[in-house]
Novice: 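Quick one: the structure is below, and I'll ask about it shortly.
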Amino acid sequence: MRTELFIDGKWVKGSSTTPVYDPADGSVIAEVHLADDQLCEAAVTAAHNAQAEWAKTAPRFRAEILRNAFEIMVAETETIATLISKENGKAMPDARGEAAYAAEFFRWFSEETVRVEGDFRKSPSGDKRILVTHQPIGVSLLITPWNFPAGMATRKIGPAIAAGCTMILKPAGETPLTALHIVDILERAGLPKGVLNVVLPEKTGPQISKMLHDPRVKNLSFTGSTEVGKHLIKEAADQVIRCSMELGGNAPVVVLDDADISKAVSGIILAKMRNGGAACTSANRIFVQKGIAEEFIAAFTKAMDSFVMGRGTDEGVTLGAYVSVKERDKIAELVDEAVKNGAAVRTGGKKPEGVGAFYPATVMTVDKYNSILKHEIFGPVAPIVIFDTDEEGIALANDTDFGLISYVFSGELGRAIRTAEAMESGMVAINKGVISDPAAPFGGVKQSGLGREGGFDGIHEFLETKYIGFEL
Ligand code: NAD
């Protein structure tokens, strides 16, 4: 297990260490190394020194490194999944799913590396030629959250390598071990020294701010909460650093009265419970049309009751621990508040006694004014609201500052697409609970973010467009 910092191609000791906990019982899994100001500075220097040579490498060279890393990740799926489950708490089926998803970003971007397009045209007036090319932005700072410790790292590292950018990765303090293992894989895959550096700052806020004020840093790619994202956009403004922001969600689900109820139940269970609900794409507000409401609620509650809660690595467990007791208690508070505001709990809704950051699968019916609808729950709690007309369902779904993903369930394609087009979100899933795919553009509108990761757009978050005009 890697626990040290990775700077300029070497594993180095930090200025101090901090524990990483197993959230299932609070025991310490490892002591990881932290970076003081000098070590953070050394990481920026290493990335800066490696940038010019790295940008000159052949796309095929970078593609092969990513492809090698993909192969190693696939071969080590079980090790990676166990590490994810240990430090994050999630159940092994979720952890295996994440390990596979994370590896796919390396495969996808190995293929994208050799397909960056340019453009060569005559200007409309005929006075010149227009040549458009793309160049790596340069040193990039990548900051990732705890909920997908592998997937959020490879979704940034993959396109950065493909584009020819060097980088500094700052994983979440709760879940750094998976990221360090991925770095170890990339080292074995042949990544040259200095291209990828990893630091865990001793004082996150001030030290990240310092890096964002270092003129050698050109690009920031952040995944995390909207609150921290807004703060970092302001920090990045001083140097007009390019920002890619994957922020919080408050995903609505609209179940129309012609939906296939069993398909809707299984889809929404996936959308709600993947990762124990700790996903930015998690179904956060479920709106069901009146005609099918009772039948849907009964079937959905039964499906939520079937989850087996326990230590993520134990056989048969489908709902693991939350990342920490502190984060779990936030979910319990949201549920208690919702109940005070009139929510009717159909199942779950009670914080378990004893050790471990556990919370049960919970279903509640609420009215459209309930406080819980304003919050990203980030846990296994499903508030359900009954609505009348399609227009009302759409208006309720869009009544949020967030716009990452929406879900629509309907038996008629035209109605489903009309509803999807009306959704104020960067992504819409029709009759499906999971649409995340490394080959598709992932990202949000409104306060859910800026830019897209994955798909054909992902590499462009690490490329500048350059126009060269000349006369022949
Ligand atoms: P967070 O914002 O608390 O932390 C994210 C990262 O930012 C961590 O590495 C953290 O250490 C770091 N950080 C915290 N304060 C910072 C500061 N002042 N300066 C610099 N870095 C700082 O988020 P979290 O609790 O780890 O993750 C949950 C959030 O992430 C949810 O809101 C979720 O919706 C969002 N998320 C979004 C996506 C997406 O793709 N849109 C994906 C996963 C998670």
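The chain is numbered in sequence order, starting from 1. Order of listing sets the numbers, starting from 1, for every ligand and every atom in it.
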Novice: Where is the nearest protein heavy atom to atom 42 (C) of ligand 1: which residue, which atom, and how far?
Specialist: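 Result: C280 SG, 3.0 Å.
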
Novice: Distance under 4.0 Å to a non-hydrogen atom of L404: what atoms of ligand 1 satisfy this?
Specialist: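 Once the distances to L404 are compared, the set is 41 (N).
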
Novice: Counting only heavy atoms, which portion of F442 has something under 4.0 Å from ligand 1: side chain, backbone, both, or neither?
Specialist: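 It is the side chain that gets close, since no backbone atom is under 4.0 Å.
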
Novice: With heavy atoms only and a cut-off of under 4.0 Å, state how N147 meets ligand 1: side chain, backbone, both or neither.
Specialist: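 The side chain, only.
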
Novice: Please check if a non-hydrogen protein atom sits closer than 4.0 Å to atom 4 (O) of ligand 1.
Specialist: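 Given the 4.0 Å cut-off, atom 4 (O) of ligand 1 does not count as touching protein heavy atoms.
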
Novice: What atoms of ligand 1 come closer than 4.0 angstrom to any heavy atom of A172?
Specialist: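 Result: 9 (O).
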
Novice: Hey, are the side chains of D22 and E87 touching, using non-hydrogen atoms and a 4.5 Å cut-off?
Specialist: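 A side-chain contact is absent here, since even the closest heavy-atom pair is not under 4.5 Å.
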
Novice: Looking at E246 and R452, does any basic side-chain N land under 4.0 Å from a carboxylate oxygen?
Specialist: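 A salt bridge is absent here (no side-chain N lies under 4.0 Å from a carboxylate O).
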
Novice: Determine, for K210 against D37, whether the closest basic-nitrogen to carboxylate-oxygen distance falls under 4.0 angstrom.
Specialist: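 Answer for the salt bridge query: yes.
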
Novice: Can you pull out the closest protein heavy atom to atom 22 (C) of ligand 1? Residue, atom name and distance to 0.1 Å, please.
Specialist: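 Scanning the protein heavy atoms, the shortest distance from atom 22 (C) of ligand 1 goes to T204 CG2, 3.5 Å.
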
Novice: With a 4.0 Å cut-off on heavy atoms, is W146 touching ligand 1?
Specialist: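 Per 4.0 Å heavy-atom rule, W146 contacts ligand 1.
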
Novice: Give me the residue, atom name and distance of the protein heavy atom closest to atom 31 (C) of ligand 1.
Specialist: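 Residue, atom and distance for the closest contact: E376 OE1, 3.4 Å.
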
Novice: What residue and heavy atom of the protein are closest to atom 11 (O) of ligand 1, and at what distance?
Specialist: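 That would be K170 NZ, 2.8 Å.
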
Novice: I need the nearest protein heavy-atom contact for atom 16 (C) of ligand 1: residue, atom name and distance, please.
Specialist: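 Going by distance alone, atom 16 (C) of ligand 1 is nearest to V228 CG1, 3.5 Å.
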
Novice: So that I can tick it off, tell me whether E333 and K351 are bridged by a salt bridge, with the cut-off set at under 4.0 angstrom between side-chain N and carboxylate O.
Specialist: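 Result for this pair is no, no salt bridge flagged.
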
Novice: Number the atoms of ligand 1 from 1 as they appear, then name those within less than 4.0 Å of a heavy atom of I208, with their elements.
Specialist: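 Listed by number with element, the hits are 20 (C).
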
Novice: Quick one: NZ on K156 to CG on L196, what's the gap to the nearest 0.5 Å?
Specialist: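 The CG atom of L196 is 13.5 Å from NZ of K156, to the nearest 0.5 Å.
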
Novice: Within a reach of under 6.0 Å around CZ of F307, are more than 12 heavy atoms found that belong to other residues, nucleotides or ligands?
Specialist: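 Atom CZ in F307 is crowded, with more than 12 foreign heavy atoms closer than 6.0 Å.
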
Novice: Could you check atom 7 (O) of ligand 1 against the protein and tell me its nearest heavy-atom contact, residue, atom and distance included?
Specialist: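 Sorting protein heavy atoms by distance from atom 7 (O) of ligand 1 puts F222 CE1, 3.3 Å first.
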
Novice: Taking atom types as modelled, is there a side-chain donor on S85 or R96 under 3.5 Å from an acceptor on the other?
Specialist: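 No pair is found: no donor N or O on one side chain lies under 3.5 Å from an acceptor on the other.
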
Novice: For atom 35 (C) of ligand 1, what is the closest protein heavy atom, and at what distance to 0.1 Å?
Specialist: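 I find the closest protein heavy atom is G224 O, 3.2 Å.
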
Novice: Side chains of D238 and H213: donor-acceptor distance under 3.5 Å anywhere?
Specialist: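 Yes, side-chain donor-acceptor contact under 3.5 Å.
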
Novice: Does some side-chain heavy atom of K10 sit less than 4.5 Å from a side-chain heavy atom of E187?
Specialist: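 Side chain of E187 against side chain of K10, heavy atoms only: no contact under 4.5 Å found.
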
Novice: Just by distance, do the side chain of T362 and the backbone of V381 share a donor-acceptor pair under 3.5 Å?
Specialist: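 Not confirmed, T362 side chain does not pair with V381 backbone.
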
Novice: Among all protein heavy atoms, pick the one closest to atom 27 (O) of ligand 1 and tell me residue, atom and distance.
Specialist: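 In this structure, atom 27 (O) of ligand 1 has P145 CB, 3.4 Å as its nearest protein heavy atom.
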
Novice: Pick one of side chain, backbone, both or neither for how T223 approaches ligand 1, counting any non-hydrogen atom pair under 4.0 Å.
Specialist: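 Answer for T223: both.
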
Novice: Can you tell which part of H231 has a heavy atom less than 4.0 Å from ligand 1: side chain, backbone, both or neither?
Specialist: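 Within the 4.0 Å criterion, H231 contacts ligand 1 through side-chain atoms alone.
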
Novice: Provide the number and element of each atom of ligand 1 under 4.0 Å from a heavy atom of I143.
Specialist: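 This gives 6 (C), 7 (O), 9 (O), 12 (C) as the contact atoms.
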
Novice: Quick one: which of M152, R155, E453 has a heavy atom closest to atom 40 (O) of ligand 1?
Specialist: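 Considering heavy atoms of M152, R155, E453, the nearest to atom 40 (O) of ligand 1 sits in R155.
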
Novice: For T144 and ligand 1, does the shortest N/O to N/O distance drop below 3.5 Å?
Specialist: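 Yes, T144 has an N/O under 3.5 Å of an N/O on ligand 1.
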
Novice: On the 0 to 90° scale, with breaks at 30° and 60°, tag the H134-H460 ring pair as parallel, tilted or perpendicular.
Specialist: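 Aromatic pair H134/H460 classed perpendicular.
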
Novice: Which option, L141, L247, L232, owns the non-hydrogen atom nearest atom 20 (C) of ligand 1?
Specialist: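 It is L232 whose heavy atom sits nearest to atom 20 (C) of ligand 1.
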
Novice: Within the 4.5 Å heavy-atom criterion, are R311 and D25 side-chain neighbours or not?
Specialist: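 Heavy-atom side-chain distance check passes, below 4.5 Å.
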
Novice: Return yes or no for this condition: an N or O of S225 is under 3.5 Å from an N or O of ligand 1.
Specialist: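 Yes: some nitrogen or oxygen of S225 is under 3.5 Å from one in ligand 1.
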
Novice: Salt bridge check: are E71 and R67 linked by an N-O gap of less than 4.0 Å?
Specialist: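 The answer is yes: the pair qualifies as a salt bridge.
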
